[in-house]
Every structure is written in C-alpha cells, then in structure tokens.
Amino acid sequence: MRRLFRILFSFIFFLTSFGVYFTNRIMYIKKKDDHSILTREKDAGRFNPDEFQYLPKREVTIPSPFGYELKMILVEPHSSNHYIIISHGVTENKINSVKYMNLFLERGFNAVIYDHRRHGESGGKTTSYGYYEKFDLKAVVNWLKQEKGPDLLLGIHGESMGAATMLLYAGMVEDGADFYISDCSFSDFKEQLSHLLKTEMKLTPKPLLPIADVFLRMRERYSLRDISPISVIHQIKKPILFIHSKQDTYILPSMSEALFERKIGPKMLFLAENGAHAQSLNENKEAYHAAIDEFLLEFVYSKKE
C-alpha cells in the first residue's frame with residue numbers, strides 16, 4: 001500500500017511540476033532586453049534616433065481593461081486621416097515596430113506604436129499570446145477613434161504574436177479597422193506549442209499539452225484552445241494581407257497559408273523568399289514594399305474612393 005502511495009505521489013508531483021514549469025515558460029517567456037532591441041535596430045539601420053526624435057509625436061498612456069497602463073507613441077507627420085497601428089511580436093517592444101511604422105509614414109499614414117502587456121513600458125504580469133492582448137488592442141483602437149474622430153482610414157499591422165493578437169481582436173472582439181496586415185502569425189497556439197515541443201525540446205506533445213492546459217486554466221483563466229486565429233478568421237470581413245517567409249522554421253509558413261485559405265472575402269498572400277522568423281521585411285525589403293502597395297491599391301484605396 002505504501003509503495004502504491006509513493007508511486008501515486010510521485011506521479012502527481014511530476015504532473016504538478018511539469019504543469020507549473022511549462023506554464024511558467026508560457027506566461028513568463030524571457031523577453032529581449034529593451035536596450036539590446038534598441039541597439040540591434042540602430043545597428044541594422046532600421047531605427048535612426050535623430051530622425052525619430054524630430055518626428056511630430058507624443059507619448060500617450062491609456063488604461064488597459066485589466067488595470068495596468070499601456071504605453072504608446074502617436075506619430076503624426078501628416079495632416080491626414082490615414083492611421084496605422086503596429087502590434088509587435090513576443091519578447092519585443094515598440095522600437096521593433098518603427099521599421100513598419102516608417103514604411104507607412106512613407107505612404108502618407110500617421111501611426112501608433114505601443115507596447116503589449118508585460119513588454120516595454122506597459123504594465124501587466126503575464127504574456128497570453130493574444131488572449132488578453134486582443135482587449136488591449138481594442139483599447140488602443142478605441143482611444144485613437146475617440147481622439148481623431150470616427151472618419152479614419154485605419155489599418156493594423158501585426159508581427160508574429162502581434163499578428164495573432166490582431167486577428168483575434170478582429171475575429172472575436174470587433175472588426176474595427178479598415179484593413180489588416182498579418183506578418184508571420186501562428187494559426188493556432190496549441191498547434192504552435194506542439195511544433196515547438198517536437199522541434200526545440202524533442203518532446204511528444206500529446207500527453208504534455210493537456211496537462212499544461214489544465215494548469216493554464218487554473219492560473220490564467222483561459223485555455224490553449226482560446227488562442228486560435230484560424231477558428232475565427234472567417235468572421236473577419238475586412239481585407240487581410242498575409243505575409244510569411246518561406247524559410248521560417250519557428251512559425252511555419254503553412255500556418256499563414258491555412259489562414260489565407262480560411263479567410264472569406266478580400267485577401268492577399270505574400271510569401272517572401274528569404275529570411276527566418278519575422279525577417280520578411282528585413283530580408284526582402286523591395287518585395288515587401290511592393291506587396292504592401294499592391295494590397296493597398298487593390299483592397300484599401302479603391303474601396304475608399
């Protein structure tokens with residue numbers, strides 16, 4: 001009887017230890033240092049401190065619906081009602097969004113760059129890969145519309161987790177922008193974790209993910225199944241440009257292809273030839289710009305005329 005008890009205790013201890021460890025890895029994913037992001041973007045020529053300093057802009061702090069502060073920068077060099085919101089990827093911050101912001105500034109847009117919860121200067125204790133972040137994005141959209149009026153041509157550009165956040169916002173909360181650009185989003189978070197368990201940790205996902213899901217429900221009050229852009233993509237009516245690098249092995253390009261196939265209505269897919277994860281713009285600048293121009297011309301500007 002004692003032996004059976006020890007075996008049962010050991011089994012429960014293993015399940016609990018794994019559940020806490022794995023959900024800690026999810027909730028408290030190690031972020032890049034803010035200074036290292038700044039240095040990286042400066043050294044790569046994607047962030048020019050002098051040019052950024054003299055842009056007409058102001059820092060804004062708004063409340064998240066979950067009680068912490070969201071830090072953002074409103075950049076307005078143009079007397080235009082065209083605005084783009086940039087939603088950065090996991091472990092990054094709003095400085096990583098500057099390269100996308102600059103692309104749209106060149107096209108006559110004003111911009112909002114902001115830090116997700118638990119990133120950069122924003123508050124929040126955990127990362128939820130779009131589950132809570134989608135409501136923060138709604139707060140950013142609402143603030144911009146209240147500040148500038150409802151008559152905006154509004155787009156949202158998201159990278160990686162930022163793209164998944166954007167798709168969950170548009171598919172589950174409100175289809176509140178005029179267009180979306182989804183750069184290397186995952187299609188389903190559970191499927192993405194399964195891929196990473198197999199490729200990076202050399203573990204079998206089947207017995208482990210259900211355990212992680214139970215602990216995530218207890219600790220964060222959501223399920224892995226709740227973070228699934230592909231399950232809500234059909235509800236987004238506005239145009240979406242899907243972008244992914246063919247060489248991405250972290251989030252597979254097949255995920256963007258699946259999202260593209262499931263999307264109903266106006267859509268476009270650009271698969272970049274070069275670059276690892278979230279490097280499509282960095283490694284395919286001319287082709288990336290051309291894809292943006294083609295998308296805007298066909299699905300955005302023509303609809304506003």
Side-chain angles (χ1 to χ4, degrees), residues 29 31-38 40-41 46-47 49 51-53 55-78 81-105 109-148 152-170 172-174 176-185 278 281:
I29 184 172
K31 298 173 292 181
K32 298 182 180 73
D33 175 71
D34 288 344
H35 180 71
S36 69
I37 294 173
L38 179 64
R40 181 197 69 202
E41 295 301 297
R46 296 188 290 263
F47 176 73
E51 290 180 358
F52 187 75
Q53 179 182 354
L55 280 172
K57 63 185 181 300
R58 60 186 169 108
E59 296 185 359
V60 180
T61 301
I62 65 171
S64 161
F66 305 106
Y68 46 82
E69 292 185 338
L70 296 170
K71 298 287 188 175
M72 58 190 191
I73 300 175
L74 175 66
V75 183
E76 294 183 290
H78 305 293
N81 71 337
H82 293 191
Y83 283 82
I84 187 80
I85 296 170
I86 312 294
S87 176
H88 68 75
V90 72
T91 76
E92 297 285 347
N93 65 24
K94 58 183 174 290
I95 294 300
N96 183 64
S97 298
V98 169
K99 58 180 176 286
Y100 300 113
M101 177 195 79
N102 288 338
L103 186 156
F104 282 93
L105 294 185
F109 281 77
N110 299 307
V112 172
I113 57 175
Y114 76 103
D115 291 321
H116 286 300
R117 59 186 269 145
R118 195 181 159 263
H119 287 71
E121 299 178 290
S122 289
K125 295 181 179 180
T126 61
T127 296
S128 67
Y129 304 87
Y131 182 79
Y132 291 117
E133 288 83 356
K134 65 181 181 285
F135 297 107
D136 288 344
L137 178 55
K138 181 182 188 299
V140 174
V141 172
N142 288 352
W143 177 86
L144 184 61
K145 289 182 176 181
Q146 290 169 6
E147 183 78 7
K148 299 299 171 183
L152 299 179
L153 175 62
L154 177 61
I156 303 176
H157 179 293
E159 177 193 89
S160 192
M161 181 196 79
T165 296
M166 176 192 72
L167 295 175
L168 292 169
Y169 156 77
M172 297 181 72
V173 183
E174 61 179 9
D178 294 293
F179 67 91
Y180 306 96
I181 298 174
S182 172
D183 189 328
C184 63
S185 175
L281 175 59

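Each residue takes its place number in the sequence, starting with 1.
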Under 3.5 Å donor-acceptor, Lys148 side chain and Lys145 backbone: no
Set of residues satisfying side-chain contact (heavy atoms from CB on, under 4.5 Å) with respect to Ser87, sequence neighbours excluded: Tyr114, His116, Thr165
Side chain to side chain, Arg118 and Lys125, heavy atoms closer than 4.5 Å: no
Stepwise side-chain contact (heavy atoms from CB on, under 4.5 Å) test for Arg46 and Val98: CA-CA 7 Å; Arg46 296 188 290 263; Val98 169; over 6 Å; no
Sidechain N-carboxylate O distance under 4.0 Å for Lys94, Glu59: no
Heavy-atom check, side chain of Thr91 versus side chain of Thr127, under 4.5 Å: no
Test item: Asp136 and Pro65 side chains (from C-beta on) under 4.5 Å apart, heavy atoms: yes
Spacing of CZ belonging to Arg117 relative to OH belonging to Tyr131, to within rounding of 0.5 Å: 10.5 Å
Expected output: side-chain His78 to main-chain Leu105 donor-acceptor under 3.5 Å: yes
Val140 side chain reached by Tyr169 side chain, heavy atoms, under 4.5 Å: no
Distance-only polar pair, side chains of Glu76 and Tyr83, donor-acceptor under 3.5 Å: yes
From Leu153 atom CG to Asn110 atom CG, the distance as rounded to the nearest 0.5 Å: 11.0 Å
Close side-chain approach of Leu103 to Ile84, heavy-atom, < 4.5 Å: no
CG on Leu55 to CG on Leu74, rounded to 0.5 Å: 11.5 Å
Closest non-hydrogen atom pair, Tyr132 against Ser128: N-OG, 2.8 Å
Phe109 and His82 aromatic ring geometry - parallel, tilted or perpendicular at 30°/60° bounds: tilted
Pair Glu51, Asn102: side-chain N/O donor-acceptor within cut-off below 3.5 Å: no
salt_bridge(Glu147, Arg58) N-O dist < 4.0 Å: yes
From NZ (Lys32) to CZ (Arg40), nearest 0.5 Å: 6.0 Å
Partners meeting ring pair (Phe, Tyr, Trp, His ring centres under 6.0 Å) with Tyr100 (sequence neighbours left out): His157
Test item: Glu159 side-chain N/O and Ser97 main-chain N/O as donor-acceptor pair under 3.5 Å: no
pair His88-Ile113: side-chain heavy atoms closer than 4.5 Å: no
Least distance between heavy atoms, Ser160 atom then Gly89 atom: CB-CA, 4.3 Å
Contacts of Lys31 that satisfy salt bridge (charged side-chain N to carboxylate O under 4.0 Å, His left out) - sequence neighbours left out: none
Minimum-distance pair of heavy atoms, taken over all atoms of Gly120 and Asn93: CA-CB, 4.0 Å
Smallest separation among heavy atoms of Lys57 and Phe52, with atom names: NZ-O, 2.7 Å
Smallest separation among heavy atoms of Pro63 and Ala139, with atom names: O-CB, 4.2 Å
Gap separating the CG atom of Leu137 from the CG atom of Leu168, nearest 0.5 angstrom: 10.0 Å
Closest contact, heavy atoms only, Ala111 versus Met101: CB-CG, 3.5 Å
Approximate separation, where rounding is to 0.5 Å, of Ile156 CD1 and Ile85 CD1: 5.0 Å
Test log, rule side-chain contact (heavy atoms from CB on, under 4.5 Å), inputs Leu281 and Lys99: CA-CA 9 Å; Leu281 175 59; Lys99 58 180 176 286; 4.1 Å; yes
